[in-house]
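Notes for the one structure printed next.
Computation of the quantities below employed the complete heavy-atom set of this structure, encompassing side-chain atoms and omitting hydrogens, waters and symmetry-equivalent molecules. Numbers restart at 1 for each chain; the letters A, B, ... are given by sequence-line order, proteins then strands.
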Amino acid sequence: METFTKKVYEIVRNIPIGKTMSYKEVAIKADNPKAYRAVGNILNKNYNEDIPCHRVIRTDGKTGGYNRGSEIKKIKLIKESKILIKHN
DNA sequence: TAGTTGACCGGAA
DNA sequence: ATTCCGGCCAACT
């Protein structure tokens, strides 16, 4: 709980395995529901190994960008999780 | 300091 | 269903 960016890192880092969160969801958890734009930008410029950005997907259920298009098979795992979000 | 950018979202055509 | 447009925020130049 320091800055919006800091929260985003913590939240994304706290995403459990086998689950995913949309950029907007993360923004909401960061107390800035309207900053979903910034969330994507922050993760993009500050991609840390400790942060599973691949678990963060678009609200539409798409993987988004992750590694600029290098999604890898992890989408397979996400594929299942993204359904949960829609159900949720 | 101000302007541009981007891994976005929602609504409208 | 797909495509286009406007709007919001933080970081970058």
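- The minimum heavy-atom distance between Val8(A) and Leu43(A), with the atom names listed, is CG1-CD2, 4.2 Å.
- Residues Tyr9(A) and Ile42(A) form a side-chain contact, since some pair of their non-hydrogen atoms from C-beta on lies under 4.5 Å apart.
- Taking atom CG on Asn44(A) and atom C1' on dT4(B), their separation rounds to 15 Å, with Å as the unit.
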- Item | Per-nucleotide protein contact string for nucleotides 4-13 of chain C, where B marks a base within reach and S marks sugar-phosphate only (heavy atoms under 4.0 Å, - for neither) | ---BBBBSS-

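- Contact of the Ile17(A) side chain with the Arg55(A) side chain is registered, since non-hydrogen atoms from C-beta on lie closer than 4.5 Å.
- Put simply, the side chain of Tyr66(A) and the base of dA7(B) share no donor and acceptor less than 3.5 Å apart.
- Atom-to-atom distance recorded for His54(A):NE2 and Ile75(A):CD1 is 12.0 Å, nearest 0.5 angstrom.
- For the pair Asn67(A) CG and dG6(B) P, the interatomic distance rounds to 17 Å; values are reported in whole Å.
- Atoms NZ and CG, on Lys74(A) and Leu77(A) in that order, are 9.0 Å from each other to the nearest 0.5 Å.
- Asn14(A) contributes a side-chain N or O that, together with a main-chain N or O of Glu10(A), makes up a donor-acceptor pair within less than 3.5 Å.
- Whole-Å rounding puts the Ile78(A) CD1 to dA7(B) P distance at 17 Å.
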